[in-house]
Amino acid sequence: MGRETPYFIPLNEAVEISKIRKINIRSEKISIDKAHRRILSKPLNALTNDPPFDNSAMDGFAVIFSETTNPPNKFKISKTVEAGNKFENSINPGEAIKIMTGAPIPKGADSIIPIELCELNEEDSTVTLLQESKPHFIRKKGENFTLNQTLLLEGTYLTPEKISLCAAMGYSEVEVFKPLKVAVIPTGDELKLPGEKLEQGQIFESNTFGISSLISWLGHEPIRYGAVIDNIDELRKTLDEAAKNCDVIITSGGVSMGDRDFVRKIMEQEGTIDFWRIKVRPGSPPLFGSWDNTPIFGLPGNPVSSHVVFRILCAPWFRSLTNSSQPSENKIRVKLFEDIKTVPGFLTLRRVSLFEQDNEIFATINHHQGSGNIASIALGEALTLLGEDHSGKQGEYCHVIIL
Ligand code: AMP
Ligand code: MG
């Protein structure tokens, strides 16, 4: 690491430095069936009006409003119009047309009476309206959106609701950013895969499973590697292979000050480091740079730290590649139920639970806060964002990321 390499810097500085190392993401056209959690690379304009025609919002009778103002009024039921009806229907004075939800409004009708407000006489095919109708229950052509309207911008993260909107706009395929292949490499002699038998001194490798899920959440493709033992040659081999096959590398473990923190060592000797260590708790050890021209994040090994650092450091970098702020974190403002330990000058992310009392949402610590305690984040409900000069005192407010 060169003398001038930024060291132990605030998170926002680290994020800004990381964003300088850009990589291009290509676009691809995919079926909307496959579009969940992908990011639009082109805006979408509606290919139709929605609804495309005036239609009934209720099951009931289409009538002429002015004929219903002195109830009760009796009408001849002239026909039935169902959803999908292809014909031009029209209403004559004195008639009521039985109509189903979604069916086109017959020409001349301007009001719908819900079936509950009618007295039906099957024998002479008449209906008596007991109340004056109201000129509503008609869904007007284009009232939701109009032909050519731009509804989804470039950078939109496709959630289930937005995918339905794409379909309603008339798109069977959409252009999205091609997922980056992201190598996720755990390091450590002590790591065993879940399902294997633990021997003395070993633990289950858990970090890369959560990190991979976060990568999928961001719309990219995680490639999870087996654990690399703490050996510089093995690490070099794996990093070389990852740089060849993937667009981005994320490692976990081995970036602290220990003798066996080989990720930091090999990056110092053979890679490029843009910064090392950031002022956040937990999770201060990460590094960022490149290995063989491939951007690399070296995340801490402690499970909470690696997860937290991914969310606050890696996720903004991935979003910047698509010029998007999505998928964003859900943040809310809460009141501290008790004192929470902060570290002056650091961003402090504690795992908290939330509860509501006296119209306020409170954050309380109810899990052991060790950075090795993955249960604290998995069972917690939120992560505090206690800024560098926050006192952390009971009764103060802060923002939290909802987990
Ligand atoms: P390190 O940064 O390599 O010193 O690791 C810090 C702590 O995190 C150690 O207790 C490791 O055993 C643990 N750790 C490292 N990698 C993982 C992993 N992939 N899954 C779970 N724990 C890990
Ligand atoms: Mg280690």
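Start at 1 and go down the list; that is how both ligands and their atoms are numbered. Counting begins at 1 with the first residue of the sequence.
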ask   = For ligand 1, which atoms have a heavy atom of Asn207 less than 4.0 angstrom away?
value =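 Per the distance check, 16 (N), 17 (C), 18 (C), 19 (N), 20 (N), 21 (C), 23 (C).
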
Between ligand 1 and [X], can you find any atom pair, the residue atom being a heavy atom, that is separated by under 4.0 Å?
X      : value
Ile374 : no
Thr208 : no
Pro303 : yes
Gly258 : no

inquiry  = Does Lys237, at its NZ atom, have more than 12 non-hydrogen atoms belonging to other residues, nucleotides or ligands within less than 6.0 Å?
reply    =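 12 or below, so no.
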
I want to know if ligand 1 touches [X] in the polar sense, i.e. an N/O pair below 3.5 angstrom.
X      : answer
Pro300 : no
Ser256 : no
Glu190 : yes
Gly254 : yes

query = Can you find a side-chain donor-acceptor pair between Asn49 and Thr146 that sits under 3.5 Å?
reply =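 No, no side-chain donor-acceptor contact under 3.5 Å.
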
inquiry  = Can you check which of Gly298, Gly253, Gly301, Gly210 brings a heavy atom nearest to atom 14 (N) of ligand 1?
reply    =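 Going through Gly298, Gly253, Gly301, Gly210 one by one, Gly301 has the nearest heavy atom to atom 14 (N) of ligand 1.
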
query = Asn231 side chain to Asp233 main-chain N or O, any donor-acceptor pair under 3.5 Å?
reply =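 Between the backbone of Asp233 and the side chain of Asn231 there is a qualifying donor-acceptor contact (under 3.5 Å).
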
ask   = Applying a 4.0 Å heavy-atom criterion (strictly less than), which segment of Ile203 is in contact with ligand 1: side chain, backbone, both, or neither?
value =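 Within the 4.0 Å criterion, Ile203 contacts ligand 1 through side-chain atoms alone.
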
request  = Would you please test Asp247 and Lys181 for salt bridge (Lys or Arg N to Asp or Glu O under 4.0 Å) and show each step?
outcome  = CA-CA 5 Å; Asp247 305 298; Lys181 282 193 159 67; over 6 Å; no

key: Phe177-Phe318 aromatic ring centre distance below 6.0 Å   =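 Not under 6.0 Å, so no.
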
